[in-house]
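Note on naming: letters A, B, ... go to the chains in the order of the sequence lines (proteins, then strands), and numbering restarts at 1 for each one.
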Amino acid sequence: MIHLTFPDGSVREFAAGTTGRQVAEGISKSLAKKSVAMTLGGTLTDLSDPITADASIEIVTREDPRALELIRHDAAHVMAEAVQELFPGTQVTIGPVIENGFYYDFARPEPFTTEDLPKIEAKMREIITRNAHFTKEVWSREEAKRVFAAKGEAFKLELIDAIPAGQDLKIYKQGQWFDLCRGPHMASTGQIGSAFKLTKVAGAYWRGDSTKPMLTRIYGTAWHDQVELDAYLHMLEEAEKRDHRKLGREMDLFHFQEEGPGVVFWHSKGWSMFQELIAYMRRRLRPLGYQEVNAPQLLDKSLWETSGHWGWYKENMFAAQSAGDDTEDERVFAIKPMNCPGHVQIFKHGLKSYRDLPLRMAEFGAVHRYEPSGALHGLMRVRGFTQDDAHIFCTEEQMADECLKINDLILSTYADFGFGEVVVKLSTRPEKRVGSDAVWDHAEAVMMRVLKTIEEQSGGKIKTGILEGEGAFYGPKFEYTLRDAIGREWQCGTTQVDFNLPERFGAFYVDSDGTKKTPVMIHRAICGSMERFLGILIEHFAGHFPLWFAPVQVVVATITSEADGYAEAVVDKLRAAGLRAEVDLRNEKINYKVREHSVAKVPVILVCGKREAEEGTVNIRRLGSRDQVSATLDQALADLLAEATPPDLQRKLAAAA
RNA sequence: GCCGCUUUAGCUCAGCUGGUAGAGCACAUCAUUCGUAAUGAUGGGGUCACAGGUUCGAAUCCUGUAAGCGGCACCA
């Protein structure tokens, strides 16, 4: 006999080998009907598994949040069955559950197209209606290999070989169809329900390895019910509406064109945001003891050989030479992909003393990297971008303190832009690296302490984690990931400790005892790339920027030409006070003007008609609201100015008051 | 870079199985002076991404190139 503990704490006795389904039936017929799986000791398993030892048990019904994973996984199996039924000869490979759904990778000479999806989906619904039971068998390696080889499933053979010896080889069957799978699965295909949809086809490398064959992946999404599915599809539509590439065009912020893949043409309004962002960062850096520098765009290849970039980063670099037909100058220059070598040159210029450390060198550095063509994505991944870069030359003792100072700067910057949820991850030594294990041990220990402090200081608000083996080859690093308004995560900031570059360039400082010492170099970026950060901001705010950041803050719109003179006086006054304001005197109806500027996402429309001109007032309409407020021009100006003050300056004003 | 798809006016898109281009918005002109999300009329605008090929004839079919999109790989 065995003893099973139920969620309510009760303990009941069962015969050893009782299955989860029998347990559920013992409780009630309706529970048995609704149940899709069980947890034993907290682990999700098949209802059909015989229970052989004492354990805590919980019957999982289809409504349970934990069932969603099973719904998706089962849907993947059913999709694979549907595909093999419709397209005989297609090999199946792997089909895991992912966020919001599932996919399955298939090998077939002819790739699938989007037109195939409805057919596959219809077949899936047919299979689900058959409601075949999922059954599990444990096969021997030899048998499994024989059966899959006979079916022509070459990829499955590879998977079987990859399963560690001693681990059971499980086969799940639904009707005639079966697949190698670690499970668990629900009771039958009917429990998948109908709230699923196949979303896209894409290529994917076998085992995620670009040297291996390309398979066809079909993605699907699956949910408990239609309401959840609809909500998800709606969310996708909303995300599409705030796509920064779309908004960039609609709001006239920037464009790309064929001659410049991955490089941005910033239009006036977009550039205004770009400059506002840089101005903000500059104001933040100044009181923190940073010095801003500017290193050349183009440097002789030899310098990049010294830095090591020419050796291991060449594939990602652009090179330039004199283009003249008759030139005798054969020198090859590289367009900088990073600012660090330039900064080391500045550091090296003139003798540095330990008294100069920590030396914090910042640059809004434009860099160019030859990114793979398939990686380019709007502003998010470009070939020419501006980093809010800085390098801190310091001693090992100063390292931890500097990392914490950078952390403060990063977190407060994100907060000013409305990002409260931040994750900080420490990336540790990769396989390919420079420096002795002792140096890495020490650096990682320091960084680990810093990470702990970061978590403690935030009072638990900042989540932390470790990325094993993800560090740069020259040192460990912190990666800062923020979460936007619709829950997507973006890696932006980074702090990297570097024991390599200063030494390569022979950079040193004179220590208190008169000896030459090599400084530690900390690379850090907050926005990462200004372009990318702006892309994130556009999507985060869906174009509805806070007043201080909006490219056009105010439009003064007239109703009839009678108020033209007054409107011009108003806009002059707003501009003189430092606001980015435009005036709209066109011979158009006010409805038309309000619509147009609302669509353009201008935060404030000041309507000036005859009445306002006579009274010296303005009529204020805020974006997203139909309400209008009347105020005197002076009052409105004062209010707008206060609101348009960037958050860092507001803090400064508050501190002074 | 790899797999698939796409590329027609500034934007969004239509153009069936080949017979040499069309809409809405935008733009310009004229009329309208109208109080909070589209006033009306008229007009201009396209070597159909680029280069080849098939054909009497190509936006349409084929090949290549480029860029973009969705993934994968990459992302110091």
Using OP1 and OP2 only, check whether a side-chain N or O of [X] sits under 4.0 Å from [N].
X        : N      : result
A:Tyr219 : B:rC72 : yes
A:Thr216 : B:rC3  : no
A:Arg245 : B:rG70 : yes
A:His377 : B:rG70 : yes
A:Tyr592 : B:rG35 : no
A:Arg626 : B:rA37 : yes

Considering only [options], which nucleotide approaches the side chain of [X] most closely?
X        : options                : result
A:Ala204 : B:rA37, B:rU33, B:rC72 : B:rC72
A:Arg611 : B:rU36, B:rG35, B:rA37 : B:rG35
A:Ser210 : B:rA73, B:rU33, B:rG68 : B:rA73
A:Lys589 : B:rG1, B:rC34, B:rA38  : B:rC34

Pairwise [atom1] distance, [M] and [N] [rounded to whole Å]:
N      : M      : atom1 : value
B:rA58 : B:rU20 : P     : 11 Å
B:rU12 : B:rG71 : C1'   : 25 Å
B:rG46 : B:rA21 : C1'   : 8 Å
B:rC3  : B:rU65 : P     : 11 Å
B:rG18 : B:rC25 : C1'   : 31 Å
B:rA59 : B:rU17 : C1'   : 15 Å
B:rA67 : B:rC50 : C1'   : 10 Å
B:rU55 : B:rG70 : P     : 40 Å

Mind checking who [N] pairs with, Watson-Crick or G-U wobble, both distances under 3.5 Å?
N      : answer
B:rU54 : none
B:rA66 : B:rU7
B:rA37 : none
B:rA21 : none
B:rC2  : B:rG71
B:rG44 : none

(message) Closest-nucleotide mapping onto RNA chain B: is A:Gln491 or A:Glu258 further toward the 5' terminus? I mean the 5' end.
(response)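 Between the two, 5'-proximity favours A:Glu258.
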
(request) Nearest-nucleotide wise, let me know which of A:Asn316 and A:Ile620 is further upstream toward the 5' end of RNA chain B. (result)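 The residue closer to the strand's 5' end, by nearest nucleotide, is A:Ile620.
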
(request) Give a yes or no on whether the ring-centroid distance for A:Tyr104 and A:Phe106 is below 6.0 angstrom. (result)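 For A:Tyr104 and A:Phe106, the ring centres are under 6.0 Å apart.
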
Tell me: [atom1] of [X] to [atom2] of [N], nearest whole Å?
X        : N      : atom1 : atom2 : value
A:Tyr103 : B:rC3  : OH    : P     : 19 Å
A:Leu379 : B:rG68 : CG    : P     : 13 Å
A:Arg249 : B:rA26 : CZ    : C1'   : 14 Å
A:Ile522 : B:rA76 : CD1   : P     : 19 Å
A:Met380 : B:rG70 : CE    : P     : 11 Å
A:Glu259 : B:rC50 : CD    : C1'   : 11 Å
A:Asp252 : B:rC25 : CG    : P     : 21 Å
A:Tyr370 : B:rA76 : OH    : C1'   : 19 Å

Any side-chain to backbone donor/acceptor pair from [X] onto [Y]? Under 3.5 Å, distance only.
X        : Y        : answer
A:Lys156 : A:Thr93  : yes
A:Tyr414 : A:Gly493 : yes
A:Thr617 : A:Ala613 : no
A:Thr221 : A:Asn100 : yes

Contact class for [X] (heavy atom, under 4.0 Å): base, sugar-phosphate, or nothing?
X        : value
A:Lys593 : nothing
A:Glu470 : nothing
A:Tyr313 : base
A:Tyr205 : base
A:Ala375 : base
A:Lys200 : sugar-phosphate
A:Glu588 : base
A:Arg621 : base
A:Pro372 : base

(request) Anything under 30° is parallel, anything over 60° is perpendicular, the rest tilted; go ahead and classify A:Tyr232 against A:Trp223. (result)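 Taking A:Trp223 first and then A:Tyr232, their aromatic rings sit tilted (interplane angle of 30° to 60°).
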
(message) For a quick test of reading the model, state the closest non-hydrogen atom pair linking A:Val264 to A:Phe254 and the distance between them.
(response)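 Looking at all heavy atoms of both residues, the closest pair is CG1-CB, 3.8 Å.
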
Side chain [X] and base [N] donor-acceptor under 3.5 Å:
X        : N      : result
A:Arg207 : B:rA73 : no
A:Arg381 : B:rC74 : yes
A:Asn619 : B:rU36 : yes
A:Gln257 : B:rG68 : no

(request) Could you check A:Arg622 against A:Glu643 for salt bridge (charged side-chain N to carboxylate O under 4.0 Å, His left out), going step by step and ending with a plain yes or no? (result) CA-CA 13 Å; A:Arg622 305 291 306 231; A:Glu643 189 184 338; 2.9 Å; yes

(request) Kindly write out the residues that satisfy side chain to side chain contact (heavy atoms under 4.5 Å, CB included) with A:Arg429, not counting sequence neighbours, or none if the list is empty. (result)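 For A:Arg429, the residues satisfying side chain to side chain contact (heavy atoms under 4.5 Å, CB included) (neighbours in sequence not counted) are A:Arg433, A:Asp437, A:Trp440, A:Asp441, A:Glu444.
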
(message) My understanding is that only residues two or more places apart in sequence, or in another chain, count here; which of them pass ring-ring contact (aromatic ring centres under 6.0 Å, His included) with A:Tyr474?
(response)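 ring-ring contact (aromatic ring centres under 6.0 Å, His included) list for A:Tyr474, sorted by chain: A:His523.
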
